[in-house]
Amino acid sequence: MDLFPLYLSAKLALITTVLLLILAAPVAYFLVYVRFPGKPLIEALIGLPLVMPPTVLGFYLLVILGPKGILGRLWQEITGQPLIFTFPGIVLASLIYSFPFAVQPLKTAFEKIDRRLLEVAYVLGCSPFMTFFKVIVPNALNGVAASAILAFAHTMGEFGVVLMVGGSIPGKTRVASIAIYEYVESLRYREAGLLSLALVMISYLVLLTVNFLNRRGNHGS
Amino acid sequence: MGLKVKIFKRLPGFDLEVSFSCSEGQLLALIGPSGAGKTTLVRIIAGLDRPDQGQILYKGTVWLDTEKGIFWPPQKRKVGYVFQEYPLFPHLTIEKNVTFAATDKCQANELLKLFGIWHLRKRKPFEVSGGERQRAALAQALARKPKVLLLDEPFSALDVVTRKKLRKELKNLKGQLSLPILLVTHDLEEALSLADNLLPIQQGKIDQNWLAYSLDK
């Protein structure tokens, strides 16, 4: 059996997760701590991938990331490569698709932190930037872990968006879920079954890790 | 002159309008019923809230002047602020909490010993008692070598015995600190036992009548 799709899925999920944590943390911070007009509009926009059919999201991404789209053209000018049907293309699509899954747990964790802790840090001389790393993040580790795990799991199982943006190019964009679909189409149930089993096992491990971290991460306060 | 404060802020229900000063080594008790605007006042002095109008001067340095558009953020003012039911950083040990903003590690260790929490230094805040947490909070505030000390109902969440003990400790400590200390309290007995001067606040205004009335009672 070809294990490359599984490797590709894991690679995609890992890269997406790391990038998402870096991008989602400041967004969650702004949503929780900064007052600005139009916040509900921004929040709804971020949550949109949660409720939108993946194929619809994939279609719009195909347009934006395509050779005539804003991002696609920009990328082509900078790197000389297209975004559509490439690995960087599906990374970008996954970032948008899994963004709410990374933001939400961080937001919830930040909201739970006693505001006075931040004020104490300010009074003790910490800038908001330092306070973020010295007070907020250490007290939101459960949220960081949940965010990483959800983003990873969600990207591992991605199908519609990746298919629209990346197609199914073996070794490049043919991730596990697409490979399973194609195995079934060509009636190769054994391979589809094995690959599915691998995904189930990964999901189970992910949940075990979440539960373990939840139990360990409580400060008891 | 140590600290000079003149503040006006519109609050829901009434206006906070007070003006006072507090010199080095003096403990001034801001006394009044709950909801009189005392906490808002110390938050403004700490830089956590902004008044609509006002001036705060520390030894001639302008921390706040709304007319000139000067506002020093809390980081720059260097005040020690102890909240009611003080939230120590739950992820840090007592020692790390106290040394969080310490400029001098040795002095921070001295403070841990002074407040009798040296033996608890490796514990997390949730593993020590309320009184020990408040001591750690005082040590944390003092470890930064603050210019002004603000105590916002620091003992009100403690049981009577611990409260009396900590009051005594604060009284002893006061002599060693040569900085303006503001103590927010609604407890007249506490104010009378600790303060050099009383500043009665009622509905956002200084109200000596309220003090006379309370003393009569």
Side-chain angles (χ1 to χ4, degrees), chain A residues 21 25-26 28-30 32-37 105-149 209-221, chain B residues 39-40 42-49 63 71-93 96-103 108 123-128 130 133 136-153 157:
Chain A
L21 281 184
Y29 179 90
F30 275 98
V32 175
Y33 296 113
V34 183
R35 264 187 250 163
F36 56 88
L106 285 176
K107 221 180 112 207
T108 311
F110 291 176
E111 276 163 356
K112 272 197 210 151
I113 296 173
D114 188 341
R115 295 270 172 143
R116 290 178 307 168
L117 284 181
L118 274 62
E119 293 184 339
V120 172
Y122 297 159
V123 170
L124 290 171
C126 268
S127 66
F129 186 76
M130 287 292 285
T131 305
F132 180 75
F133 287 104
K134 283 179 85 171
V135 179
I136 296 176
V137 171
N139 283 298
L141 287 181
N142 283 352
V144 175
S147 165
I149 285 160
T209 319
V210 174
N211 290 345
F212 175 73
L213 286 172
N214 270 341
R215 226 168 293 147
R216 217 194 52 162
N218 289 331
H219 280 297
S221 53
Chain B
T39 293
T40 308
V42 284
R43 285 178 61 83
I44 288 172
I45 296 169
L48 295 170
D49 270 342
W63 283 3
F71 176 84
W72 278 23
Q75 288 88 347
K76 210 176 158 188
R77 295 188 190 194
K78 243 187 150 180
V79 301
Y81 190 167
V82 178
F83 295 72
Q84 180 183 354
E85 277 187 87
Y86 193 85
L88 290 166
F89 298 118
H91 62 295
L92 298 176
T93 59
K96 289 267 164 65
N97 262 289
V98 171
T99 56
F100 188 84
T103 40
R123 298 214 190 146
K124 292 279 182 70
F126 68 89
E127 294 170 319
V128 305
R133 271 201 294 273
L138 256 173
Q140 185 190 54
L142 290 174
R144 203 191 170 209
K145 294 189 177 158
K147 291 170 176 156
V148 175
L149 188 59
L150 307 171
L151 308 170
D152 188 359
E153 307 253 13

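Residue numbering restarts at 1 for every chain, and letters A, B, ... go by the order of the sequence lines. Values below: every heavy atom of this structure, side chains too, minus hydrogens, waters and symmetry copies.
Heavy atoms of L88(B) lying under 4.5 Å from chain A belong exclusively to its backbone. Proximity to chain A is absent for every atom of R77(B), based on heavy atoms less than 4.5 angstrom apart. For F89(B), the parts sitting under 4.5 Å from any heavy atom of chain A are the backbone and the side chain alike. Looking at Q140(B), both its backbone and its side chain come within 4.5 Å of chain A, counting heavy atoms on both sides.
Of the options D114(A), L118(A), I113(A), a side chain to side chain contact (heavy atoms under 4.5 Å, CB included) to P87(B) is made by D114(A) and by none of the others.
Taking a 6.0 Å sphere around NZ of K147(B), one finds it holds more than 12 heavy atoms contributed by other residues, nucleotides or ligands. Within 6.0 Å of the CZ atom in F36(A), the count of heavy atoms belonging to other residues, nucleotides or ligands exceeds 12.
Considering all non-hydrogen atoms of both residues, C126(A) and Q75(B) come closest at O-NE2, 2.7 Å. Across all non-hydrogen atoms, the minimal contact from R144(B) to G125(A) is NH2-CA, 3.3 Å. H91(B) approaches N139(A) most closely through the heavy-atom pair ND1-ND2, 3.0 Å.
Using a 4.5 Å cut-off on side-chain heavy atoms (C-beta onward), E119(A) and Y81(B) make no contact. Taking 4.5 Å as the limit, some side-chain heavy atom of P90(B) sits within range of a side-chain heavy atom of L117(A).
Of the inter-residue distances, the one linking K134(A) atom NZ with F100(B) atom CZ reads 4.5 Å to the nearest 0.5 angstrom.
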